[in-house]
Amino acid sequence: LECYTVAIGVLITESQMRRAKILVSEMEADGLVPDCVCYNTLINGWCEMGHMKEAVFLFEEMKMKNRQPTTAVYNTLIKGYGIIGRPDEGTRVLEHMTMMGGNNNTAKPNTRTFNMLINSWCKSKSIDQARRMLGLMWSAGVKPDVVTYNTLATAYADLGRFEDIENLIVEMKNSYLKPNRRTYGILIRCYCQEGMPEEGVELLENLKFEGLSPDLVALNTLMKAYTQPFDPVQVEKVFELMRKYGVKPDVATYSTIMNSWSSVGNVEEARMAFRKMEEEKVKADVMAYGILVKGYVRSGRLKEAECVLEEMRDNGVRANVVVYTNVIAGWCSQGDMKEAIRMFKTMVASGVQPTSYTYHKLIWGFSEARQPHIAQDILDAMNKQGITPD
RNA sequence: CCGCCUCGUGAACA
C-alpha cells in the first residue's frame, strides 16, 4: 500500500496547467478570444515546466486562430528550449524569426530574443556559441544591453574566469554600456569562488566611483565566502560593512550563516542565528526553515526536525520538496521506514510533488532495511509515471 | 497607457 501512495505524485503541477486550460475555455464561452499575451502566458507556463510539446501545441493553436505570434511569444519558446537544454532548437526559432522578415513583421528579434538564446547556450556550457550569438546580434542590428553582458559574465563566473569578466566589463564600457550592481555582483561571486573574497571587498568599496552603492546581494555573497568554513572575524566584518553601507541583513544573510552551522551538524548555533533573525524582525522563509530542518536531521534529531515543520505551518510557510525530502532521508538513514513513509504521505497529502531524488532516498532506505521488494515496487511505480530512475 | 518573455546572493553532500 505504500506503493500506491508513492504513485500519487506527478500530476500536481500539471493539474494547475489543466486548470488554466479550463479557465481559457470558460473565457471562450464568454465570447472572449485569447490574444497573444494570453497565449504567451500559457505557453510560458509549459515552457517553465520544460514541457515543450504542450507549448508548441498551444503555439500552433494560436496561429490557427489567426493570432500573429509576437516577438514575446517566440522569445518564450526560445527560453523553453533553453530550459530543456536545446539551445540549438532555440537558434532554429531565431532563424525562423529572421526568415519571415518583411513588412507585417510582428516577430522581429529583439534584444531579449538574443539574450535568451545567449543564456541558453551558456547554460549548456557553450560560451563560444554564446559569444557567437553576440556577434550575430551586432550584425543583425540588435544592440546588446547590460543583461546580455551579465548573462555572459555569469557563464564565466561559473567557470571561475574572473579575468574574462573583467574584460567583459571593459568591453561594455567601450560600447557605452554601464555595468550595474548585478554585473559587479557576478564578478564578486567569481572572486569568492576563486578564493579571493578580499578582491570582492575592495570592489565593493570602489563601487561608489561608478555611481553605484553596495547592495545586499553582493554582501551576502561575501558572507557566504566567509562562512565556509565559518570565520567569525570575517563574518563580523561583513556585518560591519552592512552597517557602514546602510543595508540590513535579510533572510538570505541569516540563512547563509545558519547553513554553515547546519552543514556541520551544529544545530544549536544554527538555531541561535535563527533566533537572532527573529529578533531582528526578519521573517523566515522556506529556505531558512529548510536549513534548520537540515541541521536537526544531520544531528539525528528527527523529532525536532518535525517540530520545525509544525513551526512552519503555524507561521504560514509551506514546506516544499527539499524540506520534506530532507526529513524523509533522515528517517531512511535511521532505518525507520515506517516513519519515512509516513512523512512521504504527509508530503503528498499537502500537494507537494516528489522528485526523483526523493524516490532514490526511499529506495535506498528500503534496500538498506532489507526490504528490497518494496524498493523494487517503488522503482516500478516510478517507471509507470515516466520518471527516469538513474 | 496597461497585461506576457531575459541577468547576480541563502536549503537535498545531485
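These numbers come from the heavy atoms of this one structure, side chains and all, not from hydrogens, waters or symmetry mates. Within every chain, numbering begins at 1; the chains are lettered A, B, ... in the order of the sequence lines, protein sequences first and strands thereafter.
- Other residues, nucleotides and ligands contribute more than 12 heavy atoms inside 6.0 Å of the NZ atom of K65(A).
- Remark: the N110(A) side chain and the N115(A) side chain contain no N/O donor-acceptor pair separated by less than 3.5 Å.
- Rounded to whole angstrom, the span from the CZ atom of R318(A) across to the C1' atom of rA11(B) amounts to 18 Å.
- Atom-to-atom, CG of L292(A) to P of rA11(B) comes out at 15 Å; the value is rounded to the nearest Å.
- Counting distance only, with no hydrogens placed and no angle test, the side-chain atoms of T256(A) and the base atoms of rG10(B) include no donor-acceptor pair under 3.5 Å.
- Nucleic acid contact for V251(A): base, since at least one base atom lies under 4.0 Å from a heavy atom of the residue.
- Using a 4.0 Å heavy-atom cutoff across all strands shown, R112(A) reaches at least one base atom of the nucleic acid.
- Put simply, CD1 on I78(A) is 15 Å from C1' on rC4(B), counting in whole angstrom units.
- Here the nucleotide nearest the side chain of N326(A), chosen from rC5(B), rA12(B), rU9(B), is rA12(B).
- In this structure, N320(A) places its CG atom 13 Å from C1' of rG10(B), rounding to the nearest Å.
- With P as the reference atom, rA14(B) and rG10(B) are 14 Å apart, rounded to whole Å.
- Judged by distance alone, the side chains of E280(A) and Y254(A) never bring a donor and an acceptor atom under 3.5 Å apart.
- For V322(A), the side-chain atoms get nearest to rA11(B) when compared with the rest of rA11(B), rC5(B), rG10(B).
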Candidate pair Y81(A) and T91(A), rule side chain to side chain donor-acceptor pair (under 3.5 Å), full reasoning: CA-CA 9 Å; Y81(A) 284 121; T91(A) 307; over 6 Å; no

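- If you take CD1 of I186(A) and P of rU9(B), they are 8 Å apart, rounded to a whole angstrom.
- Picking from rG8(B), rC4(B), rC13(B) the nucleotide with the shortest atom distance to the side chain of V37(A) gives rC4(B).
- Phosphate proximity of rA11(B) to K294(A): absent, as no side-chain N or O sits under 4.0 Å from OP1 or OP2.
- Looking at heavy-atom distances under 4.0 Å, D250(A) makes no contact with the nucleic acid at all.
- Using a cut-off of 4.0 Å between Lys/Arg side-chain N and Asp/Glu carboxylate O, K173(A) and E210(A) are scored as salt-bridged.
- Using a 4.0 Å cut-off between charged side-chain N and carboxylate O, K244(A) and E205(A) make a salt bridge.
- OP1 or OP2 of rG3(B) has not a single side-chain nitrogen or oxygen of N40(A) nearer than 4.0 Å.
- Between the side chain of N180(A) and the base of rG8(B) there is no donor-acceptor pair of N/O atoms closer than 3.5 Å.
- Between the P atom of rU9(B) and the OH atom of Y226(A) lies a distance of 18 Å, rounded to the nearest Å.
- Remark: R182(A) is not in phosphate contact with rC7(B), judged by side-chain N or O atoms under 4.0 Å from OP1 or OP2.
- Counting to the nearest Å, the P atom of rG10(B) and the NZ atom of K224(A) are 4 Å from each other.
- When the C1' atom of rG3(B) is taken as reference, atom OH of Y39(A) falls 17 Å away, rounded to whole Å.
- Residue D35(A) places a side-chain atom within donor-acceptor reach of the base of rG3(B), judged by atom type and a 3.5 Å distance cut-off alone.
- Among the atoms of the strands shown, only primed sugar atoms or phosphate atoms (P, OP1, OP2) are found under 4.0 Å from some heavy atom of T221(A).
- A72(A) comes within contact range of at least one nucleobase, with a heavy-atom separation under 4.0 Å.
- Between rC5(B) and K79(A), no contact under 4.0 Å exists linking OP1 or OP2 to a side-chain N or O.
- Salt-bridge annotation for D164(A) and R131(A): absent, with no side-chain N of the basic residue lying under 4.0 Å from a carboxylate O of the acidic one.
- Taking 4.0 angstrom as the limit, N259(A) places a side-chain polar atom (N or O) nearer than this to OP1 or OP2 of rA11(B).
- Distances from the side chain of T151(A) to the nucleotides rC7(B), rA11(B), rC5(B) place rC7(B) closest.
- Taking the side chain of T41(A) as heavy atoms from C-beta on, and the options rC7(B), rC13(B), rC4(B), the nearest nucleotide is rC4(B).
- If you check every strand for non-hydrogen atoms under 4.0 Å, T154(A) touches sugar and phosphate atoms only.
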